[in-house]
Amino acid sequence: MKYKILPFSFSLILVFFLNIQVKGQDKYLALQEKLILLSTGEIPALNEKVNISVTNVSIQEFIRGVANSSALNINVDPTINVQIVNNFSNVKVIDVLLFLCKQYDLNISAIGNILNIYKEKIAELPIPKKQLVYFDSVSNLVSIECDNEDLANVTKELVDQTGFNVVPSPGLDRIKVSGYIQKMTIDGALEKFTYANNLKIRKTDDQVFLIERNEPVSPAVNNRKDGSISRKKDAGDSGLEIKRIGGDSISIIADKVTLEEIITTIAEELKADYFFSSPVQGEATLNIKAISFPALLDFIFRNTNFSYQTVSNVYIFGDNKGREMKEFRMLQLQNRPIDKLIEVVPGELTRDLEIKEFPELNGLLVGGVPGRIQLLEQFLKSIDQLVPVILIEVMIIDIKKSHSVSTGIEAGLGDKPVTTKGTVFPEVDMALGAQSINNLINSFNGFGTVKIGKVTPNFYINLKAMENDGIINIRSTPKLSTLNGHEANMSIGNTEYYQEEQSNIYGSISTQQTITRNYKSVTAELSVKIKPVVSGDDQITLEIEVNQGDFTERISKYAPPGEVSRKFKSLIRVKNQEMILLGGLEEKRNRDSGSGVPLLARIPVIKWLFSSKTNERSKSKLNIFIKPTIID
């Protein structure tokens with residue numbers, strides 16, 4: 001078959017294509033002029049020449065290579081999906097960009113010295129809306145053509161086209177309807193249309209058509225005068241009785257009624273939308289005076305494998321294992337930290353739940369069945385209480401008392417002459433050298449017939465007659481703060497070092513000895529550990545542990561110091577802001593020592609000239625006062 005093109009038609013086609021070509025040429029001429037203007041002004045780098053050869057690379061990578069070679073700032077729309085296979089040698093950048101724009105229908109815009117390459121979007125033509133209702137105003141006949149359309153859209157066109165008011169019941173405007181009615185009266189068309197979609201039509205006295213759900217009353221269902229529904233399963237059963245009290249609150253009496261029947265009956269009474277993703281099995285016996293629908297669902301699904309959730313005001317029921325039954329929720333705490341909280345949650349509450357700690361928001365990210373999440377949320381709210389802070393004031397008093405008496409005369413020969421020195425008041429502690437003693441002897445010579453000779457140069461005499469009393473009161477008043485049930489501790493220590501020497505002898509042909517000296521430390525400290533627990537009546541239970549250590553004298557220069565320690569533990573209960581005294585650790589020390597000439601050191605009075613004695617008495621007592629205060 002041959003076709004003949006008329007000269008007039010050919011001319012029209014030629015003009016059409018020429019017009020398109022001219023518009024395209026005008027577009028690229030304008031782009032060329034814009035780039036030339038930019039190359040002579042703000043972006044002279046467009047005149048740079050480049051050498052580039054690529055195979056199957058994206059236009060974004062290609063332009064990036066051109067930009068790096070010419071020091072240009074170029075951005076390429078990431079949505080452009082073009083693969084480049086080109087070889088350019090000694091070509092200006094402006095020519096490369098114009099070639100790409102013309103080849104792949106692109107455009108370029110400039111912001112300062114930044115070039116932006118993009119693809120112009122073709123405006124989409126609006127799709128004409130399909131007409132659902134046709135009305136002949138002469139014959140007053142209506143035609144309806146719709147397939148899976150929202151009922152609200154159909155009723156709107158019915159009102160617009162016919163002038164009659166058609167109103168769907170609440171909750172029906174978004175249901176999908178279908179129907180094909182040709183040239184019927186408005187009453188007949190609506191009756192057949194609603195019947196085809198399991199709905200019903202009711203015309204009011206003011207000529208308004210109401211579209212309602214089609215809820216036929218079965219023989220097993222009786223509507224009572226008080227507004228309740230009585231449904232009996234069998235002749236001998238008490239069945240199911242439901243009464244709507246107000247809003248979404250209902251009363252219910254059921255005796256071994258299946259869960260699905262309870263759910264569907266209540267949902268229909270409350271005109272609630274519902275969907276079963278899987279069959280819900282089981283029976284329930286209920287007698288509840290007033291309860292909301294969600295609260296009732298929580299009760300009947302407790303300890304079962306079924307659950308529900310609400311999506312866009314639609315109740316979805318099904319097995320817990322279904323993906324559509326799971327949700328994710330953030331459970332935040334207000335008064336206590338989230339750290340280690342999951343350790344105290346009973347395992348029954350965390351079963352079948354995915355739990356992740358979210359420290360940044362002080363909460364738990366929980367995924368699972370809504371009913372299980374709600375149980376966990378209720379438990380967390382019950383333990384999310386304000387944790388008391390306890391201020392503990394500690395007063396540590398260490399009292400040391402000492403008393404010593406030293407008397408006597410000591411004489412002997414030293415290695416070298418002794419210089420006379422010492423104190424006379426308020427205590428006598430003198431060391432007399434040979435020269436002083438000889439001067440004293442010379443003062444007695446010449447009295448009587450006896451003449452006392454001189455002592456040797458190294459002879460000395462020590463005279464002692466003194467008594468010492470001392471009281472040392474050491475007082476420390478630290479303050480500690482901690483949360484209820486957590487331990488607060490304080491430590492004050494002193495560290496001393498001693499030398500440890502080790503000798504190693506190595507022998508082969510000759511014997512070698514190495515000596516290693518190490519310095520080791522020992523610590524004496526005063527430490528206090530207190531753990532408070534607050535009860536409901538502001539009583540505070542304190543678990544207290546005190547450890548006090550101190551150094552004694554060394555047995556040698558390089559030996560470690562001796563150490564004494566005092567410890568005690570106590571568990572007591574006190575009132576808020578009540579002070580208690582702990583301790584009373586007392587240490588007593590008595591030491592009597594002396595030396596003298598036998599027999600003469602025992603004779604009264606003259607024994608002071610032939611003996612030396614020292615008596616020491618010391619007592620140390622540690623007291624600790626503790627005052628806890630609850631800070632709200």
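To the nearest 0.5 angstrom, I201 atom CD1 is 10.0 Å from K203 atom NZ. From Y134, atom OH reaches atom OG1 of T162 across 15.0 Å, with rounding to the nearest 0.5 Å. To the nearest 0.5 Å, atoms CE (M184) and OG (S139) are separated by 12.5 Å. A distance of 9.5 Å separates NZ in K156 from CD in Q161, rounded to the nearest 0.5 Å. Put simply, CZ on F193 and CG on L158 are 7.5 Å apart, with the number rounded to the nearest 0.5 Å. Taken from OG in S249 to CZ in R244, the straight-line distance is 10.0 Å, to the nearest 0.5 Å.
The aromatic rings of F88 and F99 sit perpendicular to each other, their planes meeting at more than 60°, with 30° as the lower class boundary.
Between the side chain of N107 and the backbone N or O of Y118, no donor-acceptor pair lies under 3.5 Å. Formation of a donor-acceptor pair under 3.5 Å by the Q60 side chain with backbone atoms of I80 is found in this model. With S89 contributing its side chain and N51 its backbone, the two residues share no donor-acceptor pair below 3.5 Å. Under a 3.5 Å cut-off, the side chain of D384 and the backbone N or O of N335 do form a donor-acceptor pair. The closest donor-acceptor contact from the side chain of S169 to the backbone of I211 lies under 3.5 Å. For N116 (side chain) and S109 (main-chain N/O), no donor-acceptor pair under 3.5 Å exists by modelled atom type. Under a 3.5 Å cut-off, the side chain of K183 and the backbone N or O of D136 do not form any donor-acceptor pair. E157 contributes a side-chain N or O that, together with a main-chain N or O of V133, makes up a donor-acceptor pair within less than 3.5 Å.
The 12-atom threshold is not exceeded at CZ of F164, counting heavy atoms of other residues, nucleotides or ligands nearer than 6.0 Å. Remark: K289 NZ is loosely packed, at most 12 non-hydrogen atoms of other residues, nucleotides or ligands lying under 6.0 Å away. Atom NZ of K381 has 12 or fewer neighbouring heavy atoms from other residues, nucleotides or ligands inside a 6.0 Å radius. No more than 12 heavy atoms of other residues, nucleotides or ligands sit less than 6.0 Å from atom CG of D205. Residue Y195 places its OH atom among 12 or fewer non-hydrogen atoms of other residues, nucleotides or ligands, all under 6.0 Å distant. Atom CG of N81 has 12 or fewer heavy atoms from other residues, nucleotides or ligands within 6.0 Å.
With contacts defined as side-chain heavy-atom distances shorter than 4.5 Å, the pair E268/Y274 qualifies. Inter-residue side-chain proximity for N313 and D273 is flagged as unmet; no heavy-atom pair is nearer than 4.5 Å. You'll find the side chain of V257 stays beyond 4.5 Å of the side chain of T265, heavy atoms only. You'll find the side chain of T304 stays beyond 4.5 Å of the side chain of V280, heavy atoms only. Contact of the L151 side chain with the N197 side chain is not registered, since no non-hydrogen atoms from C-beta on lie closer than 4.5 Å. Contact of the L380 side chain with the L341 side chain is registered, since non-hydrogen atoms from C-beta on lie closer than 4.5 Å. Between I630 and N484, the closest side-chain pair of non-hydrogen atoms is not below 4.5 Å. Counting heavy atoms from C-beta on, the side chains of F299 and L286 never come closer than 4.5 Å.
When all heavy atoms of S70 and E48 are compared, the closest pair comes out as CB-CB, 4.0 Å. Counting all heavy atoms, side chain and backbone alike, L72 lies closest to A45 at CD2-CB, 3.6 Å. Nearest approach of F306 to P279, heavy atoms of both residues: CE2-O, 3.3 Å. Nearest heavy-atom pair, K192 versus I181, reported as atom, atom and distance to 0.1 Å: CB-CD1, 4.0 Å. When all heavy atoms of E261 and T264 are compared, the closest pair comes out as O-OG1, 3.1 Å. Heavy-atom minimum distance, G367 versus I373: C-CD1, 4.2 Å.
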T204 vs L210, test: side chain to side chain contact (heavy atoms under 4.5 Å, CB included). Steps then yes/no. CA-CA 8 Å; T204 63; L210 301 179; 3.6 Å; yes

Applying side chain to side chain contact (heavy atoms under 4.5 Å, CB included) to L190 and V142, what does each step give before you reach the verdict? CA-CA 9 Å; L190 289 177; V142 179; over 6 Å; no

Apply the test side chain to side chain contact (heavy atoms under 4.5 Å, CB included) to residues E149 and S178: give CA-CA distance (whole Å), side-chain angles for both, the deciding distance (0.1 Å), then the verdict. CA-CA 7 Å; E149 292 285 344; S178 301; over 6 Å; no

Audit row: I108, C101, side chain to side chain contact (heavy atoms under 4.5 Å, CB included) steps and yes/no: CA-CA 8 Å; I108 299 176; C101 291; 3.5 Å; yes

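Each of L115, L97, N75 was checked for a side chain to side chain contact (heavy atoms under 4.5 Å, CB included) with I63, and the lone residue meeting it is L97. For the side-chain hydrogen bond (donor to acceptor under 3.5 Å, both in side chains) with K176, the qualifying choice from N148, D150, D147 is D150, the only one to do so. Remark: of the listed residues S307, S278, S277, S278 is the sole one forming a side chain to side chain contact (heavy atoms under 4.5 Å, CB included) with D319.
Between the side chains of E260 and Q281, no donor-acceptor pair is found at a separation under 3.5 Å. Of the N and O atoms on the side chains of D187 and T185, not one donor lies less than 3.5 Å from an acceptor on the other residue.
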